[in-house]
Amino acid sequence: MFVVMRPDATEAEVLGVKSRILAEGLTPYDHAGSNRTVVAVVGEVGTRKPELMSRFAALPGVEQVTPISRPFKLTSREFHPEDTVIRVADTTIGDGSLTVMAGPCSVESRDQLLATADAVAAAGATVLRGGAFKPRTSPYSFQGLGVEALRYLAEARDRTGLPVITEVMEPNQVDIVAEYADILQIGARNMQNYSLLNAAGRVARPVMVKRGFGATLEELLMAAEYIVAAGNPNVILCERGIRTFEAYTRNTMDLSAVPVLHRLTHLPVVVDPSHATGKRWLVPPLAMGGVAVGADGLMVEVHPDPNAALSDPEQQLDLGQFAALMAAIVPIHELVQGARSEPMAVAG
């Protein structure tokens with residue numbers, strides 16, 4: 001349930017509500033919006049729900065108490081009506097600007113990474129991506145350079161000014177990855193690794209959660225809920241395609257997820273057309289589609305020589321293809337932002 005405070009509620013009244021929630025064996029999470037504060041009540045209430053709602057409603061400064069049927073609370077629009085805006089160095093995510101995370105699937109060498117970083121920065125990327133630890137289907141595939149790759153990513157950040165995002169695979173990797181990276185990525189295979197989600201929720205770094213292969217949007221939001229509930233409000237959601245009966249593409253890109261998520265949650269949403277399709281010729285149209293449906297950003301794999309890449313060569317763009325993609329998506333984003341600023345008439 002949510003306890004909605006009156007617009008003129010005092011800080012002491014908000015603290016009084018939170019204290020009463022704690023006294024009932026529950027956990028309060030408060031969000032101070034532009035007009036009023038909302039306090040989410042988290043925990044098992046069972047049959048006590050009507051009684052608790054009545055008690056909380058009678059407290060000083062309370063305007064109303066509203067139930068919520070959805071299992072995700074802290075990530076919901078009801079709790080946090082305003083969009084969450086995440087700031088990383090000179091980059092903002094979720095403020096209406098277009099975030100573009102670009103770089104190689106795997107960091108293979110210092111020269112490979114720096115060449116890519118220079119090129120994507122020049123083309124307009126705002127975040128540098130690169131895998132240091134790589135989860136691979138086959139145990140015999142390239143698994144990444146580990147900490148050595150993290151050092152190269154930090155060097156590339158110093159060189160280009162782009163903040164860095166890279167994947168963390170295990171709870172015991174969180175601290176070392178957070179030491180080098182600006183944004184932690186939790187991959188599709190780990191979307192429901194709850195110990196990893198909790199560990200990521202305890203560090204002062206934004207976290208991007210990728211949708212699992214067969215995960216519903218509610219399950220994705222519940223994964224994000226773990227991170228927010230652990231204390232980290234800076235979460236980015238990533239739609240990267242889901243597994244369906246279609247086998248021609250690597251996954252099926254669910255572009256409808258973008259507007260649905262924007263309706264359900266305040267968290268920013270990016271799309272990853274590289275992993276969604278597995279084919280580089282499909283990346284540009286799906287990237288343009290993602291921007292057209294209102295995604296806050298893109299994650300795109302880029303390599304100086306994709307055919308020689310040690311992981312996922314078929315889906316990585318070369319440097320020229322990425323520059324051409326940037327030239328195509330920027331006007332689309334400007335058009336979408338302009339349409340958002342105009343009132344839309346709805347027939348019927």
Side-chain angles (χ1 to χ4, degrees), residues 88 91 93-94 97-108 112-132 134 153 156-157 160 162-167 181-183 185 187-188 208-211 236-241 249-255 257-258 268-333 336:
V88 185
T91 298
I93 306 168
S97 59
L98 181 62
T99 298
V100 180
M101 306 174 181
C105 177
S106 299
V107 177
E108 301 165 2
Q112 170 245 16
L113 178 65
L114 294 182
T116 308
D118 288 344
V120 299
T126 55
V127 178
L128 175 65
R129 66 143 293 154
K134 294 300 299 179
L153 286 165
R157 175 183 56 217
T160 63
L162 297 180
V164 165
I165 180 171
T166 193
E167 184 169 356
D182 303 285
I183 306 171
Q185 173 185 311
M208 187 179 78
V209 183
K210 286 195 162 189
R211 185 180 180 182
I236 305 160
L237 305 174
C238 181
E239 165 56 42
R240 43 81 67 213
T249 55
R250 181 173 181 176
N251 298 284
T252 298
M253 188 71 167
D254 183 8
L255 289 181
V258 176
V269 182
V270 305
V271 298
D272 178 353
S274 299
H275 278 96
T277 64
K279 301 178 187 240
R280 75 171 59 93
W281 65 270
L282 279 172
V283 171
L286 268 295
M288 290 186 281
V291 175
V293 297
D296 297 288
L298 302 171
M299 173 170 264
V300 180
E301 292 189 352
V302 184
H303 193 286
D305 183 5
N307 292 328
L310 298 181
S311 59
D312 293 337
E314 299 89 354
Q315 68 195 35
Q316 300 194 64
L317 303 182
D318 64 29
L319 306 183
Q321 289 167 335
F322 177 71
L325 173 64
M326 289 298 300
I329 62 175
V330 169
I332 296 173
H333 177 256
V336 170

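Below, each value reflects all heavy atoms present in this structure, side chains not excepted, and no hydrogens, waters or symmetry copies.
Residue Met299 holds its CE atom at 8.5 Å from NE2 of His275, rounded to the nearest 0.5 Å. Summarising the geometry, atom CG belonging to Leu298 is positioned 5.5 Å from atom CG belonging to Leu98; distances are rounded to the nearest 0.5 Å. Atom OG1 of residue Thr116 and atom CG of residue Leu128 lie 8.0 Å apart, to the nearest 0.5 angstrom. Here the CG-CG distance, from Asn251 to Asp272, works out to 9.5 Å after rounding to the nearest 0.5 Å. To the nearest 0.5 Å, atom CZ of residue Arg129 and atom CE of residue Met208 are 7.5 Å apart. Here the CG-OG distance, from Leu317 to Ser274, works out to 6.0 Å after rounding to the nearest 0.5 Å.
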side-chain contact (heavy atoms from CB on, under 4.5 Å) assessment of Ser106 paired with Leu310: CA-CA 7 Å; Ser106 299; Leu310 298 181; 5.6 Å; no
Steps toward side-chain contact (heavy atoms from CB on, under 4.5 Å) verdict (Thr99, Thr126): CA-CA 6 Å; Thr99 298; Thr126 55; 3.6 Å; yes
side-chain contact (heavy atoms from CB on, under 4.5 Å) between Val88 and Val127, worked out: CA-CA 9 Å; Val88 185; Val127 178; over 6 Å; no
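Closest non-hydrogen pair, Met101 versus Ile236, comes out as CE-CD1, 4.3 Å. Shown here for Ala125 and Leu162, the closest heavy-atom pair between the two residues is O-CD2, 3.3 Å. Looking at every heavy atom in both residues, Ala102 comes nearest to Val302 through CB-CG2, 4.1 Å. Here the closest heavy-atom approach between residue Lys210 and residue Gly187 is recorded as CB-C, 4.0 Å. Considering every non-hydrogen atom in both Pro268 and Ile93, the closest pair reads CB-CG2, 4.0 Å. Closest approach of Gln112 and Pro104 over heavy atoms only: NE2-CB, 3.3 Å.
With sequence neighbours left out, the side-chain hydrogen bond (donor to acceptor under 3.5 Å, both in side chains) criterion links Asp305 to no other residue. In this view, Ala323 and Ala123 satisfy the side chain to side chain contact (heavy atoms under 4.5 Å, CB included) rule, not counting sequence neighbours.
In this structure, the side chain of Thr160 does not engage the main chain of Asp118 through any donor-acceptor pair within 3.5 Å.
Tested against Val100 for a side chain to side chain contact (heavy atoms under 4.5 Å, CB included), the candidates Val270, Val330, Ile329 yield a single pass: Ile329.
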Considering only distance and modelled atom types, tabulate donor-acceptor pairs under 3.5 Å from the side chains of residues 278-287, sequence neighbours left out.
{"residue": "Lys279", "atom": "NZ", "partner": "Tyr248", "partner atom": "O", "Å": "3.2"}
{"residue": "Arg280", "atom": "NE", "partner": "Gln316", "partner atom": "O", "Å": "2.7"}
{"residue": "Arg280", "atom": "NH2", "partner": "Pro313", "partner atom": "O", "Å": "2.5"}

